[in-house]
Amino acid sequence: MKKVEFKAYNPAAVEKKWQEIWERDNTFEPSKDHSKPKFYGLIEFPYPSGNGLHVGHPRSNTAMDIICRKRRMEGYNVLFPIGWDAFGLPTENFAIKNKIHPEIVTANNIARFKKQLKMLGFSFTWSSEVSTTDPEYYRWTQWIFLQLFKAGLAYKTEMPINWCTSCKVGLANEEVVNGVCERCGGEVVRKVKSQWMLKITEYAQKLIDGLDQVDFIEKVKVQQRNWIGRSTGAEVDFEVKDAGYKLRVYTTRPDTLFGATYMVISPEHDFIEKFKDRITNFDEVDAYREQAARKSEFERTELAKDKTGVELKGIKAINPVNGKEIPIWTSDYVLSTYGTGAIMAVPAHDERDYAFARKFGLPVIEVVAGGDIEKEAYTDIENGIMVNSGFLDGLPVKEAKAKIIEFLQEKGIGAGKVNFKLRDWVFSRQRYWGEPIPVVKCDCCGWVPLDESELPLLLPEVENYVQTDSGESPLVNVPDWVNTTCPKCGLPAKRETDTMPQWAGSSWYFIRYTDPHNNKAIASEEAMKYWLPVDWYNGGMEHTTLHLLYSRFWHKFLYDIGAVPCPEPYVKRTSHGMILGENGEKMSKSRGNVINPDDIVAEIGADAFRLYEMFMGAFDQPIPWSTDGARGCYRFLERVWKLQKNVTDEKAISKKHERAVNVAIKKVSEDYEKMKYNTAIAAMMGLVNEFYAANTLSAGDLGALLKLLYPVCPHFAEEMWTMLELGEGYIHEQPWPVCDESKLVADEVEIAVQILGKIKARINVPSSLGRDELAAYVLENETVKQLVEGRTVRKVIAVPGSLVNIIC
RNA sequence: GCCGAUGUGGCGGAAUUGGCAGACGCACCGCACUCAAAAUGCGGCGAGAAAUCGUACCGGUUCGAGUCCGGUCAUCGGCACCA
């Protein structure tokens with residue numbers, strides 16, 4: 001150890017110095033030696049917005065930086081990459097408003113983000129940096145699309161989109177707030193457009209099954225399962241009277257078939273068109289159809305609780321189990337996109353059917369006993385008994401269900417069926433700033449994929465980035481680019497002018513990181529085999545359903561075609577809580593409660609900032625910001641800094657110190673792994689308080705503390721370690737400290753003495769005592785003797801190291 | 001409505017998963033240093049004069065409950081006519 005003249009802690013100088021050293025030495029570059037055990041830590045790559053880094057980014061980044069720095073000290077070869085999810089709307093809107101090319105906007109924003117991230121000292125693998133907007137990157141995004149297309153998983157179809165009637169543009173779902181346009185407040189309606197779709201539904205079951213193999217926090221798994229929405233039931237055919245046609249429905253309650261008193265089909269159902277001539281009130285039905293189609297998103301979701309509908313007159317269906325004639329209705333409470341777009345209505349046991357039946361005076365027949373159907377639908381029927389149900393009468397619901405499915409199958413009028421809520425992924429955007437979709441439309445060959453050698457298909461220059469009046473992407477205005485020849489037949493053809501959504505580039509970036517400059521494949525087999533899957537992925541809860549599901553889908557598809565070596569991309573997924581403003585509300589410009597990381601770092605330095613973000617509260621909970629709290633963390637670093645005045649070369653100061661240090665090593669090591677950063681830091685603060693109380697500490701004590709602190713406050717720990725010459729080499733080259741369990745036990749412990757569960761005294765006892773010995777020891781104690789005097793001790797419960805409870 | 005969280009001092013939050021509630025920090029108060037202030041160091045800080053009472057509320061299990069069970073309320077997040 002070296003004695004140095006004391007100088008005040010100067011974070012700005014210390015941080016600059018170490019950032020330069022790390023950069024000069026390529027300290028965090030992973031080794032090419034693939035015989036070492038690997039660790040792949042991942043954070044969600046940021047969208048480089050014009051606002052710069054938010055205080056939320058460093059929370060996730062620091063958390064994973066801590067894990068990665070610890071892993072390196074534990075001997076792992078660590079990949080901790082960073083990149084930019086840079087396509088997307090805000091950049092495009094900024095470009096439109098300011099007439100600057102989105103490419104330039106993107107480059108500026110990335111430069112700013114990069115500077116801020118470097119300022120915070122994250123140990124990123126900068127050599128793996130990628131941007132989704134880089135043609136060498138999106139070349140492979142397009143390549144993956146071609147594979148999906150060839151596998152039949154990409155198709156184009158008519159789909160309704162959100163259309164702002166005043167801006168005359170298509171909007172993403174996120175841009176529709178409470179049914180109106182986020183920007184102008186104009187009415188948003190559904191407009192049918194031809195869209196590229198990806199068949200994620202084909203992977204629904206695999207996406208559910210895969211969840212059993214991964215270590216995601218339970219909340220995330222539950223949300224994914226709910227989003228996919230698997231349900232089991234049956235499809236049943238209802239014959240339409242005198243029509244030679246069968247109307248098929250999906251139901252999760254085939255057991256209630258005897259209670260089906262009418263049918264409802266969605267307004268979009270092609271049955272209406274087909275039986276146009278038989279429907280005696282077609283004008284009325286058609287008017288309803290049109291009205292439903294015009295309904296805005298807002299009306300459909302918020303106001304649609306009040307049921308509307310029209311009966312298809314002149315036409316009847318037949319309930320297959322009892323032969324009764326029942327009416328067919330159309331209503332927009334039945335969705336065209338789920339099941340078969342038609343239902344059998346069982347008003348006695350379904351709230352929606354009940355409300356509909358009551359409104360239109362349709363019969364309600366109870367088929368499960370127990371409720372009062374005069375008042376409301378009886379839906380809690382899992383354990384009920386069947387009534388009014390012919391051959392099912394008297395059976396418990398569960399048995400009835402099995403029996404009816406068997407019956408339907410025997411008669412050939414139905415079968416068991418699994419359905420999912422998950423829908424195919426709308427993959428088109430009528431926008432400029434996205435990856436071009438690499439297909440052409442040929443009049444004789446249809447949609448033809450580009451040859452892979454044509455990739456990347458570059459985004460052409462355009463004069464302005466605004467959508468056309470009819471809602472097409474501005475790419476339609478570039479005839480030189482649009483007009484091309486068909487790769488198949490050579491005749492003139494037109495390029496697709498839709499671009500991909502922002503989700504595309506982020507669905508596979510973790511693969512590219514393993515081998516970011518490969519120009520032959522998405523990544524080399526060797527690199528993927530070594531680095532994949534991602535060992536630990538931390539990100540926000542807001543990405544649980546879309547990003548996480550989409551990227552798992554792409555990965556599973558790539559696995560199926562042999563392009564990646566593992567079926568799941570992420571072994572472990574954790575989520576951080578959001579940082580709120582000081583007033584406890586969500587940070588936003590309009591609320592005026594935004595904290596800028598630059599200001600905080602300028603005042604207290606990156607290390608104290610990182611420390612505070614980890615200390616402020618439980619990592620997975622939302623937490624309000626407190627600048628005073630952050631200053632408290634700076635004070636803690638100053639206290640550690642000043643320990644150098646009291647440090648001695650003596651090996652060990654006391655048994656107490658030795659114990660305290662080992663307790664801290666154990667606590668901090670365990671807590672980092674559980675992402676309980678707040679308690680890990682509290683333990684280090686406690687240790688420092690002990691050092692202050694003793695007024696002295698050994699060089700070894702200080703070294704151990706600094707190693708524990710290093711992952712959170714790396715510049716600080718490097719500086720103090722090197723300045724005081726606490727060991728050979730840099731602190732980041734030291735092995736992670738290991739707790740000496742034998743040093744953990746103290747000779748004496750204070751235990752609580754309870755009488756009938758109430759604490760009456762605290763006494764010191766030898767810590768070596770076992771259960772019975774402790775009980776005996778305590779009863780001999782003078783204080784305790786006085787407490788129990790005159791009473792009979794009936795029972796003594798002793799818990800070594802903690803308490804003794806005397807029952808008397 | 002459904003699914004999932006959460007509820008502990010003035011504030012952010014801790015509590016070997018049934019064993020001393022309030023660790024650690026913020027704010028506040030006191031003392032020391034100072035001509036003074038700031039900074040720093042040390043001490044105090046749930047309520048109550050005390051016995052005691054206290055972890056959203058009511059009840060239960062247990063020698064013992066913030067933790068387990070039953071019910072109620074509140075807040076936050078996600079989904080929302082998915083048959």
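Residue numbers begin at 1 in each chain, while the letters A, B, ... track the order of the sequences. Bear in mind the structure is a predicted one, so any value in this text is a computation, not a measurement.
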Length of the CE-P vector between A/Met541 and B/U6, whole Å: 12 Å
Base of B/C81 paired with side chain of A/Lys307 (donor-acceptor, under 3.5 Å): yes
Any A/Arg639 side-chain N or O less than 4.0 Å from OP1/OP2 of B/A39: no
Sugar-phosphate, base or nothing in reach of A/Ile343, heavy atoms under 4.0 Å: base
Ring pair (Phe, Tyr, Trp, His ring centres under 6.0 Å) partner of A/Tyr612, the single match among A/Trp625, A/Phe636, A/Tyr677: A/Trp625
Beyond-backbone contact of A/Asp620 with A/Thr574, side-chain heavy atoms, under 4.5 angstrom: no
Pair of N/O donor and acceptor under 3.5 Å linking B/C63 base with A/Asn805 side chain: yes
Helical stems, RNA chain B - three or more consecutive Watson-Crick or G-U wobble pairs below 3.5 Å: B:1-7 with B:73-79, B:10-12 with B:24-26, B:28-32 with B:40-44, B:56-60 with B:68-72
Qualifying side-chain hydrogen bond (donor to acceptor under 3.5 Å, both in side chains) pairs, either residue in residues 753-769 of chain A, two or more places apart: none
Rounded distance (Å) that lies between atom P of B/A80 and atom CD of A/Glu351: 18 Å
Test of ring centre spacing under 6.0 Å for A/His349 and A/Tyr354: no
Phosphate OP1/OP2 of B/G25 contacted by A/Tyr612 side-chain N/O (<4.0 Å): no
B/A83 OP1/OP2 closer than 4.0 Å to side-chain N/O of A/Ser231: yes
